[in-house]
**Q** 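This is the structure I have questions about; it appears just below.
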Amino acid sequence: MHGTDNPTPPLPENDPTGLQSFAVLLRRMNGEFNRIAHEFAQAQGLHLTDVQALVAILDADPDEGPMTPGRLRRQLDLTSGAVTACVDRLEKAGHIRRVRAADDRRVVHLHYAEEAKGVARDYFQPLARGTDAARRRFRPEELKTVVRFLTEMNRELALLRHETPRS
């Protein structure tokens with residue numbers, strides 16, 4: 001894995017900043033996020049993959065332009081047919097819009113529909129309030145460290161996605 005060129009000595013297993021503690025906390029947080037996403041999917045009559053697609057569309061890197069079905073397929077590691085079915089469901093449910101690129105009509109951009117953003121905002125308001133409450137318990141310099149950690153974690157996870165052999 002990247003970032004392990006200079007391994008640090010192992011910490012005691014009960015160390016609150018040790019790898020084991022981080023793994024447990026990250027799994028718990030991921031489990032809670034998955035539970036909330038699953039509940040949203042059920043409330044909206046969607047599949048969990050559809051919610052993952054919505055997040056990918058919402059969080060698309062602005063430097064790469066709007067999300068496209070091809071980028072979505074690669075990001076979610078889906079087949080072309082699965083992405084088409086997902087995009088069809090999301091469009092039919094009013095969550096996204098397909099927009100042809102002005103400079104190349106063959107290119108389709110996926111945009112999160114404004115009305116659907118309001119639905120998601122209302123649904124996820126308790127999570128936003130909880131996140132804000134947790135943030136307020138930290139000093140600005142601590143939050144900068146948390147942001148740095150999360151940024152590095154996301155970078156490592158992206159690297160793993162690109163390194164993981166496909167079966």
Side-chain angles (χ1 to χ4, degrees), residues 1-42 44 46-90 95-96 98 107-112 116-117 120 123-124 126-128 130-132 134-135 137-138 140-167:
M1 180 186 285
H2 296 273
T4 57
D5 296 339
N6 297 317
T8 56
L11 296 170
E13 203 168 299
N14 60 352
D15 181 343
T17 62
L19 185 57
Q20 180 65 30
S21 295
F22 270 77
V24 169
L25 291 169
L26 289 169
R27 281 194 305 265
R28 284 181 187 161
M29 187 171 64
N30 186 54
E32 288 301 314
F33 282 143
N34 284 340
R35 179 189 57 76
I36 293 166
H38 191 271
E39 289 172 357
F40 178 75
Q42 285 185 320
Q44 295 298 306
L46 301 173
H47 297 113
L48 188 54
T49 302
D50 300 341
V51 176
Q52 292 169 334
L54 284 173
V55 169
I57 293 166
L58 182 65
D59 293 346
D61 184 344
D63 293 337
E64 295 180 32
M67 183 61 74
T68 64
R71 277 182 43 218
L72 187 62
R73 179 187 61 75
R74 287 186 299 278
Q75 188 166 336
L76 299 182
D77 195 27
L78 298 173
T79 65
S80 295
V83 166
T84 299
C86 174
V87 168
D88 287 346
R89 283 190 304 271
L90 291 172
H95 287 280
I96 64 164
R98 285 180 171 120
V107 176
V108 174
H109 293 154
L110 306 174
H111 297 278
Y112 208 130
K117 282 183 184 178
Y123 190 90
F124 290 105
L127 177 59
T131 301
D132 192 46
R135 280 180 58 249
R137 294 185 196 111
F138 291 85
E141 61 274 8
E142 290 176 309
L143 288 173
K144 286 178 184 176
T145 301
V146 171
V147 167
R148 221 175 81 231
F149 171 77
L150 293 173
T151 300
E152 289 302 318
M153 235 3 258
N154 282 317
R155 184 174 320 194
E156 291 295 331
L157 291 170
L159 290 170
L160 284 175
R161 178 176 53 216
H162 298 297
E163 290 177 0
T164 304
R166 307 285 182 230
S167 41

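Every value quoted in this text rests on a predicted model; they were computed, and no experiment measured them.
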**Q** Taking NE2 in His38 as the centre, count heavy atoms belonging to other residues, nucleotides or ligands within less than 6.0 Å. Is the count above 12?
**A**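 Counting other residues, nucleotides and ligands, NE2 of His38 stays at 12 neighbours or fewer.
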**Q** Would you give the length of the straight line joining atom CZ of Arg155 to atom CG of Leu160, rounded to the nearest 0.5 angstrom?
**A** 13.5 Å
**Q** Whether the side chain of Asn30 engages the backbone of Leu26 through a donor-acceptor N/O pair (distance < 3.5 Å, no angle test) should be reported.
**A** no
**Q** Please identify each residue that fulfils ring-ring contact (aromatic ring centres under 6.0 Å, His included) with Phe124, with sequence neighbours left out.
**A**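 Phe124: ring-ring contact (aromatic ring centres under 6.0 Å, His included) contacts with Phe40.
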**Q** Is Ser21 reaching over with its side chain to a backbone N or O of Thr17, donor-acceptor style, under 3.5 angstrom?
**A** no
**Q** Starting at CG of Leu54, measure out to CG of Leu110 and round the result to the nearest 0.5 Å.
**A** 10.0 Å
**Q** Taking all non-hydrogen atoms of both residues, which atom of Leu76 and which atom of Thr49 are closest, and how far apart?
**A** CD1-O, 4.3 Å
**Q** Quick one: side chain to side chain donor-acceptor pair (under 3.5 Å) partners of Gln52, sequence neighbours excluded?
**A**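 Counting only residues at least two positions away or on another chain, Gln52 forms no side chain to side chain donor-acceptor pair (under 3.5 Å).
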**Q** If you compare all heavy atoms of Ala53 against all heavy atoms of Leu90, which two are closest, and at what distance to 0.1 Å?
**A** CB-CD1, 3.9 Å
**Q** Identify, with sequence neighbours excluded, every residue that meets side-chain contact (heavy atoms from CB on, under 4.5 Å) alongside Thr79.
**A**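 Applying side-chain contact (heavy atoms from CB on, under 4.5 Å) to Thr79 gives Ala82.
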**Q** Does any pair with a residue in residues 50-63 pass salt bridge (charged side-chain N to carboxylate O under 4.0 Å, His left out), and if so which ones, sequence neighbours excluded?
**A**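 Pairs touching residues 50-63 that pass the test: Asp50-Arg89.
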**Q** According to side-chain contact (heavy atoms from CB on, under 4.5 Å), who are the partners of Asp132, at least two apart in sequence or on a separate chain?
**A**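 Listed in chain order: Arg135, Arg136.
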**Q** Using the ring-ring contact (aromatic ring centres under 6.0 Å, His included) criterion, which residues pair with Tyr112? Sequence neighbours excluded.
**A**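 With sequence neighbours excluded, Tyr112 shows a ring-ring contact (aromatic ring centres under 6.0 Å, His included) to no residue whatsoever.
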**Q** Got a sec, which residues hit salt bridge (charged side-chain N to carboxylate O under 4.0 Å, His left out) with Arg98, two or more places apart in sequence or on another chain?
**A** Asp88, Glu91
**Q** Under the ring-ring contact (aromatic ring centres under 6.0 Å, His included) test, which residues partner Phe138, sequence neighbours left out?
**A**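 Expected list: none.
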**Q** Is any side-chain heavy atom of Arg27 closer than 4.5 Å to one of Val24?
**A**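 Touching, per the 4.5 Å side-chain cut-off.
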**Q** Which pair of heavy atoms, one from Thr68 and one from Val107, lies closest together, and at what distance?
**A**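 Smallest heavy-atom distance, with atoms named: CG2-CG1, 4.3 Å.
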**Q** Taking all atoms of both residues into account, what is the closest heavy-atom pair of His95 and Leu46, and its distance?
**A**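 Heavy atoms only, the tightest pair is NE2-CD1, 3.8 Å.
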**Q** List the residues meeting side-chain contact (heavy atoms from CB on, under 4.5 Å) with Gln75, not counting sequence neighbours, and say none if there are none.
**A** Ala56, Met67, Arg161
**Q** Return yes if some donor-acceptor pair links the side-chain N/O of Arg71 with the main-chain N/O of Ala60 below 3.5 Å, else return no.
**A**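 Side chain of Arg71 to backbone of Ala60, a donor-acceptor pair under 3.5 Å: no, none is there.
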**Q** Could you work out, with side chain to side chain donor-acceptor pair (under 3.5 Å) as the rule, every residue matching Lys144, not counting sequence neighbours?
**A** none
**Q** Under the rule for salt bridge (charged side-chain N to carboxylate O under 4.0 Å, His left out), what residues qualify as partners of Arg35, not counting sequence neighbours?
**A** Glu32, Glu39
**Q** Would you say His47 has more than 12 foreign heavy atoms packed within less than 6.0 Å of its NE2?
**A**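 No, not enclosed.
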